[in-house]
Amino acid sequence: MFLHVAPPNPLSRQYSRQVNAWVFPLFEQNWRLFAPDPESVNRQISARTLHTAPDGTVRVSGWFDLSGVDNSAVRHDVFPSHTAQNTLRRAWSSYLETHGGDDRPRSERALMMQKYLTDIAADRITGHRGGTFESVQLRVITIPIAAPAEGPGLGSSAAAPKPVETRYLPWWKVTSHGN
C-alpha cells in the first residue's frame, strides 16, 4: 500500500504493475467523496446462469436483477455502507474502462475486472437463488437521465432524450458455485 500512495519514485515505478494488480479493484481511491461525479444514466444490471446436467440437458435461468438487490438494500438501510451502494456500479464502470464496446480484455487489469464482475454476479445469485451453475451472462440496460429543464417555462430548450441501450455480455465460466 505504501508504494501505491507514496509520491512517484523509482521503486514505485518499477513495481507499478504488481502494486496496481494488488491494489485494484478492492482498494481503489478517488476524490468523489469531495467532488462527486453524479451519474448521467441509470443502469439495471441483471444476470442469468447456465447449467448443464449430467445427461447433457442445458438449463438457462431467468434474469436476476443484481442492481435491484443493491437498490433495495440501500433503500431499506438508514446508514447504507459504501460497499452496498457502489460495488456493482464501480465494477461495471471499471469493466467499461478496460473493455470498451467489444467485450475483449486488452490487459491483465481488464481480465481482473472481468473476473471481479463475474464473481460479484455469481456470489449474489448464489446468495439469493442458490442452485448449481457453470456460467453467468450479464445484461446491462442503460437508461439516460434527462437533463433538468431550463428557465421559467421549464422544458423550452430540452434536447431529445437519448435512447435506452441494452448490452448483453458473453457467457463467462465461473468457478464452482452451488456445487
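What you see below is based on every heavy atom in this structure, not just the backbone, and it leaves out hydrogens, waters and symmetry mates. Position 1 is the first residue of the sequence; numbering continues from there.
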Atom [atom1] in [X], atom [atom2] in [Y]: separation rounded to 0.5 Å?
X    : Y    : atom1 : atom2 : answer
L96  : M113 : CG    : CE    : 10.0 Å
T132 : R59  : OG1   : CZ    : 7.5 Å
R124 : D65  : CZ    : CG    : 11.0 Å
R48  : L50  : CZ    : CG    : 8.5 Å
T175 : D119 : OG1   : CG    : 6.0 Å
N71  : Q44  : CG    : CD    : 9.5 Å

Can you tell me if [X] uses its side chain to pair, donor with acceptor, with the backbone of [Y] under 3.5 Å?
X    : Y    : value
Q137 : L169 : yes
T57  : A53  : no
N20  : Q18  : no
S72  : V69  : no

Next on the checklist: Taking side chain to side chain donor-acceptor pair (under 3.5 Å) as the definition, give me every residue that meets it alongside R129, ordered by chain and number, with sequence neighbours left out.
Outcome noted: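 R129: side chain to side chain donor-acceptor pair (under 3.5 Å) contacts with S61.
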Checklist entry - Of all residues at least two apart in sequence or in a different chain, which pass the side chain to side chain donor-acceptor pair (under 3.5 Å) check with R17? => result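 With sequence neighbours excluded, R17 shows a side chain to side chain donor-acceptor pair (under 3.5 Å) to no residue whatsoever.
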Taking C-beta and beyond as the side chain, do [X] and [Y] meet within less than 4.5 Å on heavy atoms?
X    : Y    : result
T166 : V140 : no
Y116 : T87  : yes
T49  : V60  : no
L88  : S67  : yes
R13  : S16  : no
R43  : I143 : no

Give the minimum heavy-atom separation between [X] and [Y], together with the two atoms involved.
X    : Y    : value
K173 : S135 : CD-OG, 3.8 Å
A91  : L117 : CB-CD1, 3.9 Å
S94  : R109 : OG-NH2, 4.1 Å
I45  : W92  : CD1-CB, 3.8 Å
N9   : S12  : OD1-N, 2.8 Å
R106 : H99  : NH1-O, 3.3 Å

Item to check | Worked verdict on E134 versus T52 for side chain to side chain contact (heavy atoms under 4.5 Å, CB included) | outcome: CA-CA 8 Å; E134 299 84 35; T52 305; 4.0 Å; yes
Say whether [X] and [Y] are linked into one hydrophobic cluster, either directly or through other cluster members, by side-chain heavy-atom distances under 4.5 angstrom.
X    : Y    : result
I145 : V164 : no
V136 : I141 : no
W171 : Y168 : no

Item to check | Validation row, ring centre Y95 to ring centre W172 under 6.0 Å | outcome: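 So the answer is yes for these two rings.
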Checklist entry - Are D70 and R89 close enough for a salt bridge, meaning some N to O gap below 4.0 Å? => result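 Judged by the 4.0 Å cut-off on N to carboxylate O distance, D70 and R89 do not form a salt bridge.
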Checklist outcome for this item: Residues at least two apart in sequence or cross-chain that pass salt bridge (charged side-chain N to carboxylate O under 4.0 Å, His left out) with R139, listed by chain then number, are none
